[in-house]
K.L.:
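Once you've had a glance at the structure underneath, I'll fire off some questions.
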Amino acid sequence: TLSVTTSHPQNIVFSLISPSGKQVGLYYRGRISPSSFTNLIFRDDGNEFAAGHRGDHSGVLIPISRLNQFNGEDPNGQWKLRSSEFESEL
């Protein structure tokens with residue numbers, strides 16, 4: 001699960017990286033604008049992000065890229081969660 005609080009959710013990007021280095025996008029900035037992500041789980045069969053949602057976002061949600069791209073990857077290797085925050089564009 002993922003839990004994050006930020007004052008600029010529109011600037012955040014989350015991705016998951018497999019042991020072999022394959023990267024799959026989970027969330028891309030500007031997709032929604034919650035003030036926090038609490039106990040968030042990404043699954044290909046999850047729920048759609050609510051457009052224009054503000055406030056806390058939690059539950060099982062569909063990532064921006066399919067997680068089935070990881071099929072065949074070693075589930076026991078070292079996985080990484082990457083989060084990045086970008087400056088707002090003027």
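As a basis for the values below, the full set of heavy atoms in this structure was taken, side chains included, without hydrogen atoms, waters or symmetry mates. Keep in mind the model is a prediction, meaning the values are calculated, not measured. In what follows, residues are counted from 1 in the order of the sequence shown.
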K.L.:
Check whether any side-chain N or O of D74 sits under 3.5 Å from a backbone N or O of P19 as a donor-acceptor pair, and report yes or no.
P.N.:
no
K.L.:
Measure from the side-chain N and O atoms of N47 to the backbone N and O of V60, and report whether any donor-acceptor pair falls under 3.5 Å.
P.N.:
yes
K.L.:
Would you call the rings of F70 and W79 parallel, tilted or perpendicular if under 30° counts as parallel and over 60° as perpendicular?
P.N.:
perpendicular
K.L.:
Give the minimum heavy-atom separation between V24 and S65, together with the two atoms involved.
P.N.:
CG1-CB, 3.5 Å
K.L.:
If you compare all heavy atoms of L67 against all heavy atoms of P63, which two are closest, and at what distance to 0.1 Å?
P.N.:
CG-CG, 3.8 Å
K.L.:
Sequence neighbours left out, what passes salt bridge (Lys or Arg N to Asp or Glu O under 4.0 Å) with R43? Give chain and number order.
P.N.:
D45
K.L.:
Going by the side chain to side chain donor-acceptor pair (under 3.5 Å) test, name the single residue among Q78, Q23, E73 that passes it with S18.
P.N.:
E73
K.L.:
After noting the C-alpha distance and the side-chain angles of L26 and L81, does the key distance pass the side chain to side chain contact (heavy atoms under 4.5 Å, CB included) rule?
P.N.:
CA-CA 10 Å; L26 301 176; L81 176 66; 3.7 Å; yes
K.L.:
To the nearest 0.5 Å, how far apart are CG in L16 and OG in S83?
P.N.:
12.0 Å
K.L.:
Working to the nearest 0.5 Å, report the span between CG of L61 and CD1 of I41.
P.N.:
9.0 Å
K.L.:
Just how far is it from atom CZ of F42 to atom OH of Y27, taken to the nearest 0.5 Å?
P.N.:
9.0 Å
K.L.:
Is it possible for you to say whether I17 and F14 belong to one hydrophobic cluster, with membership spreading through side-chain heavy-atom contacts below 4.5 Å?
P.N.:
no
K.L.:
Can you name the side-chain hydrogen bond (donor to acceptor under 3.5 Å, both in side chains) partners of Q69, sequence neighbours left out?
P.N.:
none
K.L.:
Search all heavy atoms of S15 against all heavy atoms of G25 and return the closest pair with its distance.
P.N.:
CB-CA, 4.1 Å
